[in-house]
*Asks:* 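The structure follows.
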Amino acid sequence: MRLPTKKRPVSAGIVRQLKNFEPYFATVVRPAVPGISEPALKAIEAGGKRLRPALVMIAAGTGDDVDEEQLLRACAAVELVHLASLVHDDVLDASNTRRGVSTINAEYGRRRAVIIGDYLFGLAFDLLAGGNDNGLIEPLARSAVELSSGELRQRRTLRDLDQSVEDYLEKIYAKTAALFVAACAMGARLAGLGSEHEQIFKDYAGSLGMAFQIYDDILDFTGDEDALGKPVGSDIREGTVTLPMIYALSLDKSRSVGAALAAPTTDAVKAAVSSVLEGGAIDEAKKVARRYVVSAQAAAGLLPQSQSRKDMISLGNFVIDRYH
Ligand code: FPP
Ligand code: MG
């Protein structure tokens with residue numbers, strides 16, 4: 001299981017399902033395609049928290065008679081779209097490490113990495129395409145469109161100091177929360193839930209995804225490099241304007257954040273990270289993240305008492321209490 005076991009955020013049933021998911025997930029790249037299968041498998045085995053498959057499992061867990069094979073395929077499909085987006089993200093950012101290991105672009109070159117990302121993305125839909133898909137393709141396809149538009153918006157506003165909190169929130173909804181929503185919608189559909197219950201899961205996932213991304217952006221300042229698997233201050237270096245930076249820009253008398261975004265030298269980034277950490281921006285960003293967790297947990301509270309509801313609430317706590 002990839003979710004940290006120290007502060008186990010989900011029940012033993014989900015932990016068991018996540019354990020069974022791993023060997024299945026490793027088989028989805030077969031049959032072997034020369035030049036592609038090996039790096040694709042590396043991307044799959046590089047790990048991650050498997051949060052999105054966990055969300056599919058939790059939502060599906062509210063159904064009585066969920067097809068095991070279909071559940072595994074749905075979990076793999078959503079995680080494949082996530083991994084494809086990370087492989088492409090690392091190409092776009094020219095990142096050499098993710099989760100402490102070499103990225104696909106660093107190991108195989110950026111041209112091959114683009115194709116590996118395409119392959120993982122195609123595989124996701126290939127897994128769902130056979131036979132009766134139970135309406136699973138639609139939410140995943142929609143989230144992929146949102147993901148790409150969120151990423152594009154982020155890139156078009158790199159180093160742009162004139163961004164509001166609302167601009168940032170819209171971007172992270174598309175870039176991150178939309179795939180959380182798809183995961184829960186897929187699980188709800190597997191469980192055979194009606195549209196009213198599916199909407200509760202989607203509301204939950206949207207808020208959880210927002211809190212998750214805001215915390216990711218906070219950890220870029222507060223995390224330690226070994227645990228993050230990438231250097232602190234990466235967002236400033238890449239020019240991505242995140243919520244802590246937006247608050248720091250309004251609080252920062254020395255203008256160090258703006259200076260580091262414009263010219264990210266080692267010293268400028270160091271000064272900007274200190275200013276974000278010391279000027280109250282992190283506390284402001286944490287408040288926003290906590291509000292999203294409260295909304296997510298309120299949505300979960302609308303569901304009947306169940307193990308899934310407990311898992312949803314505890315995942316909310318995990319998002320703001322996690323370490324990488
Ligand atoms: C990682 O977040 C990146 C994303 C959440 C989205 C990336 C999306 C694309 C590259 C569009 C392509 C989409 C598809 C469907 C293949 P981050 O950059 O905030 O975090 P990081 O520090 O982990 O890179
Ligand atoms: Mg990135």
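Counting starts at 1 for both ligands and their atoms, following the listed order.
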*Asks:* Give a yes or no on whether the backbone of Ser95 and the side-chain of Asp93 come within a donor-acceptor separation of less than 3.5 Å.
*Replies:* no
*Asks:* Closer than 4.0 Å to some heavy atom of Leu147 - which atoms of ligand 1 meet that?
*Replies:* 15 (C)
*Asks:* Under a 4.0 angstrom heavy-atom cut-off, which atoms of ligand 1 come close to Phe121?
*Replies:* 15 (C)
*Asks:* Check each of Ser85, Ser143, Ser234 against atom 12 (C) of ligand 1 and report the one with the nearest heavy atom.
*Replies:*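 Closest candidate by heavy-atom distance is Ser85.
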*Asks:* Roughly how far, to the nearest 0.5 Å, is the OH atom of Tyr168 from the CG atom of Asp217?
*Replies:*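 One finds 3.5 Å between CG of Asp217 and OH of Tyr168.
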*Asks:* Any donor-acceptor pair under 3.5 Å linking the side chain of Asn105 with the backbone of Ala113?
*Replies:* no
*Asks:* Look up atom OG in Ser11 and atom CD in Gln17, then write down how far apart they are to the nearest 0.5 Å.
*Replies:* 8.0 Å
*Asks:* Is His88 reaching over with its side chain to a backbone N or O of Val114, donor-acceptor style, under 3.5 angstrom?
*Replies:*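 Such a contact is found between His88 side chain and Val114 backbone.
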*Asks:* Can you say whether the rings of Phe21 and Tyr24 are parallel (under 30°), tilted (30 to 60°) or perpendicular (over 60°)?
*Replies:* tilted
*Asks:* Say whether, by atom type as modelled, one donor and one acceptor occur between the side chain of Tyr108 and the main chain of Ile116 under 3.5 angstrom.
*Replies:* no
*Asks:* Who's the nearest protein heavy-atom neighbour of atom 22 (O) of ligand 1, and how far?
*Replies:*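 That would be Lys230 NZ, 2.4 Å.
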*Asks:* Per the side-chain hydrogen bond (donor to acceptor under 3.5 Å, both in side chains) rule, which among Glu146, Gln154, Glu151 passes with Lys175?
*Replies:*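 That would be Gln154.
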*Asks:* Closest non-hydrogen protein atom to atom 20 (O) of ligand 1, residue and atom name please, with distance?
*Replies:*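 So the nearest neighbour among protein heavy atoms is Asp216 OD2, 4.2 Å.
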*Asks:* Relative to the heavy atoms of Gln213, which atoms of ligand 1 are at a distance of less than 4.0 Å?
*Replies:*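 This gives 19 (O) as the contact atoms.
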*Asks:* Can you list the ligand 1 atoms lying under 4.0 Å from a non-hydrogen atom of Arg98?
*Replies:*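 So the atoms of ligand 1 that pass are 21 (P), 23 (O), 24 (O).
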*Asks:* List every atom of ligand 1 that sits less than 4.0 Å from any heavy atom of Leu86, numbering the atoms from 1 in the order shown and giving each element.
*Replies:* 1 (C)
*Asks:* Which residue and non-hydrogen atom of the protein lie closest to atom 4 (C) of ligand 1, and at what distance in Å?
*Replies:* Lys175 CG, 3.8 Å
*Asks:* Restricting to N, O or S atoms of Asp89, which is nearest to the Mg ion (ligand 2)?
*Replies:*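 Considering only N, O and S atoms, Asp89 comes nearest to the Mg ion (ligand 2) through OD2.
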*Asks:* Mind checking whether Asp90 has an N or O less than 3.5 Å away from an N or O of ligand 1?
*Replies:* no
*Asks:* What is the closest protein heavy atom to atom 9 (C) of ligand 1, and at what distance does it sit?
*Replies:* Glu151 CG, 3.5 Å
*Asks:* Could you check atom 18 (O) of ligand 1 against the protein and tell me its nearest heavy-atom contact, residue, atom and distance included?
*Replies:* Asp89 OD2, 3.0 Å
*Asks:* Which pair of heavy atoms, one from Leu303 and one from Arg309, lies closest together, and at what distance?
*Replies:*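 Closest approach of Leu303 to Arg309, heavy atoms only: O-NH1, 2.7 Å.
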*Asks:* Hey, which N, O or S atom on Asp93 ends up closest to the Mg ion (ligand 2)?
*Replies:* OD2
